Amino acid sequence: MFSTYPGQVVVDHPVKVPIEHRFDPYVDNGGTLLSIAGEDFCVVAADTRQSEGYSINSRYVPKSVKLSDKTVISMGGCYADCLTLTKKIQQSMEWYHHAHGKTMSTAAVAQMLSIMLYQKRFFPFYSWCILGGLDEEGKGAVYTYDPVGSYERESCRCAGSASSLIQPFLDNQIYFKNQMSQKKTLTLDQVLRITKDSFTSATERDIYTGDYLELFVITSKGVEVQKMDLKKD
């Protein structure tokens with residue numbers, strides 16, 4: 001600095017401005033998941049595309065995992081968090097089996113998942129979870145969650161990047177909202193057709209959903225897995 005006349009000081013170098021630093025541990029890897037409960041079955045479906053921004057990391061990364069013969073979980077969001085959470089659930093179910101000599105019911109897994117998510121509420125898993133399966137009476141059950149563990153049982157739910165496109169369609173075709181016709185019970189074949197049509201149409205508008213569709217059909221006989229091609233561009 002220098003002085004031009006007594007009492008005046010002029011700074012001859014630029015003033016340093018603080019630089020902001022951020023740490024963002026989360027990333028959205030895209031994808032869409034859906035589950036529909038029937039009278040004696042439940043369908044859990046999800047696409048397999050994993051992306052980041054406008055880049056496709058992989059065309060086949062399953063988002064749904066079979067937990068037991070009556071329970072399947074589907075997750076989307078940050079792939080690393082989903083993978084960690086899935087391993088924690090499987091480990092807890094294994095410990096339960098060793099301690100009690102039986103497999104956890106779908107309702108018990110739903111409650112356990114809620115507790116796991118709530119325990120991480122101050123640094124939550126970046127994941128949206130849908131748990132599908134059969135309850136103690138053999139009826140289809142769908143449990144949906146927010147990132148900190150609040151959950152509820154529903155008849156159908158869609159989550160992920162294309163949820164805003166698919167959920168209104170499900171409200172019309174599953175819940176029969178805004179329809180004058182009487183509500184009816186849908187068969188497994190009808191639910192599978194609605195699910196496939198939902199994803200086929202969503203891929204036309206959502207670039208984060210595509211490649212393949214995996215469907216887990218849960219019945220009293222066990223879990224059957226079906227695979228279908230989706231749009232790949």
Side-chain angles (χ1 to χ4, degrees), residues 33-46 62-76 85-86 88-118 127-146 148-160 163 166-167 169-177 179 181-198 213-226:
L33 35 140
L34 177 156
S35 186
I36 302 174
E39 276 295 313
D40 56 354
F41 65 88
C42 184
V43 174
V44 179
K63 297 179 179 65
S64 303
V65 177
K66 175 185 173 183
L67 300 176
S68 70
D69 289 337
K70 292 186 177 180
T71 310
V72 173
I73 190 167
S74 191
M75 296 184 190
L85 183 55
T86 300
K88 285 174 63 70
I89 295 171
Q90 291 174 324
Q91 186 182 54
S92 296
M93 291 183 67
E94 184 177 353
W95 287 348
Y96 181 92
H97 186 269
H98 290 320
H100 301 281
K102 62 179 181 179
T103 304
M104 291 183 73
S105 65
T106 302
V109 177
Q111 178 64 48
M112 181 184 69
L113 176 56
S114 174
I115 295 171
M116 285 183 175
L117 292 172
Y118 187 72
S127 62
W128 46 82
C129 305
I130 296 180
L131 186 75
L134 301 180
D135 61 14
E136 297 292 340
E137 299 177 353
K139 296 182 179 180
V142 173
Y143 296 91
T144 59
Y145 298 79
D146 72 359
V148 293
S150 297
Y151 76 109
E152 63 178 327
R153 181 172 174 175
E154 299 181 277
S155 296
C156 70
R157 175 60 64 178
C158 179
S163 60
I166 296 178
Q167 190 61 50
F169 178 67
L170 296 180
D171 290 341
N172 182 267
Q173 295 296 310
I174 304 297
Y175 287 119
F176 296 99
K177 292 183 178 181
Q179 291 196 46
S181 60
Q182 188 176 2
K183 293 184 179 181
K184 58 184 178 180
T185 302
L186 298 175
T187 64
L188 177 57
D189 289 338
Q190 290 174 320
V191 168
L192 288 174
R193 178 178 53 80
I194 291 172
T195 302
K196 293 175 182 178
D197 288 347
S198 299
L213 173 64
E214 277 192 339
L215 300 105
F216 287 72
V217 182
I218 310 163
T219 63
S220 58
K221 298 179 181 179
V223 179
E224 177 190 353
V225 183
Q226 300 180 16

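All of these numbers come straight from a predicted model, not from anything done at the bench.
- Between Val72 and Val65, the closest side-chain pair of non-hydrogen atoms is not below 4.5 Å.
- Under the 4.5 Å side-chain criterion, counting only non-hydrogen atoms from C-beta, Val44 is not in contact with Leu33.
- Rounded to the nearest 0.5 angstrom, Phe216 CZ and Lys66 NZ are separated by 9.0 Å.
- Across all their heavy atoms, Ile36 and Leu34 have their closest contact at CG1-CD2, 3.6 Å.
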Just distance, no hydrogens or angles: give the donor-acceptor pairs under 3.5 Å from side chains in residues 91-100, sequence neighbours left out.
residue : atom : partner : partner atom : Å
Ser92   : OG   : Lys88   : O            : 3.1

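- Atom CD1 of Ile174 is separated from atom CD of Glu154 by 12.5 Å, given to the nearest 0.5 angstrom.
- Panel note: side chain Thr71, backbone Leu67; no donor-acceptor pair is recorded below 3.5 Å.
- One distance of note links CZ of Arg193 with CG of Leu186; it measures 8.5 Å at 0.5 Å rounding.
- For the pair Thr106 (side chain) and Lys70 (backbone), a donor-acceptor distance under 3.5 Å is present.
- A donor-acceptor pair is defined here as one N or O able to donate and one able to accept, closer than 3.5 Å; no such pair exists between the side chain of Asp189 and the backbone of Leu192.
- Partners of Asp40 under the salt bridge (Lys or Arg N to Asp or Glu O under 4.0 Å) rule, at least two apart in sequence or in another chain, do not exist in this structure.
- Arg157 and Leu170 make their closest contact through C-CD1, 4.4 Å (heavy atoms, listed as atom of the first residue, atom of the second, distance).
- For Lys63, the salt bridge (Lys or Arg N to Asp or Glu O under 4.0 Å) test picks out Asp47, with sequence neighbours left out.
- Thr144 places no side-chain N or O within donor-acceptor distance of the main-chain N or O of Ile130, the cut-off being under 3.5 Å.
- The line from CG of Asp69 to CD1 of Ile218 is 10.0 Å long, rounded to the nearest 0.5 Å.
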Inset, instruction - Could you walk me through whether Val191 and Phe41 pass side chain to side chain contact (heavy atoms under 4.5 Å, CB included), step by step? - result: CA-CA 10 Å; Val191 168; Phe41 65 88; 3.8 Å; yes
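- Interatomic distance, Cys156 SG to Ile166 CD1, rounded to the nearest 0.5 Å: 11.0 Å.
- Note that the CG atom of Leu113 and the CD1 atom of Ile89 stand 4.5 Å from one another [nearest 0.5 Å].
- Side-chain contact check for Ser64 and Glu214: no donor-acceptor pair (N or O, by modelled atom type) lies under 3.5 Å.
- Heavy-atom neighbours of Tyr175 OH from other residues, nucleotides or ligands within 6.0 Å: above the threshold of 12.
- With contacts defined as side-chain heavy-atom distances shorter than 4.5 Å, the pair Leu85/Cys129 qualifies.
- When all heavy atoms of Ile194 and Gln173 are compared, the closest pair comes out as CD1-CB, 4.0 Å.
- The number of heavy atoms from other shown groups lying within 6.0 Å of CD (Gln226) is above 12.
- Taking Ser114 as the reference, Tyr145, Tyr151 meet the side-chain contact (heavy atoms from CB on, under 4.5 Å) condition, with sequence neighbours excluded.
- Between Leu134 and Ser220, the shortest heavy-atom distance links the atoms CD1-N, 3.7 Å.
- Residues meeting the side-chain contact (heavy atoms from CB on, under 4.5 Å) test with Asp135, sequence neighbours left out: Glu137, Lys139, Arg153.
- No donor-acceptor contact under 3.5 angstrom links the side chains of Thr103 and Ser68, judged on distance only.
- Residues passing the salt bridge (Lys or Arg N to Asp or Glu O under 4.0 Å) test with Asp171, sequence neighbours excluded: none.
- Nearest heavy-atom pair across Cys42 and Gly140 is CB-CA, 4.4 Å.
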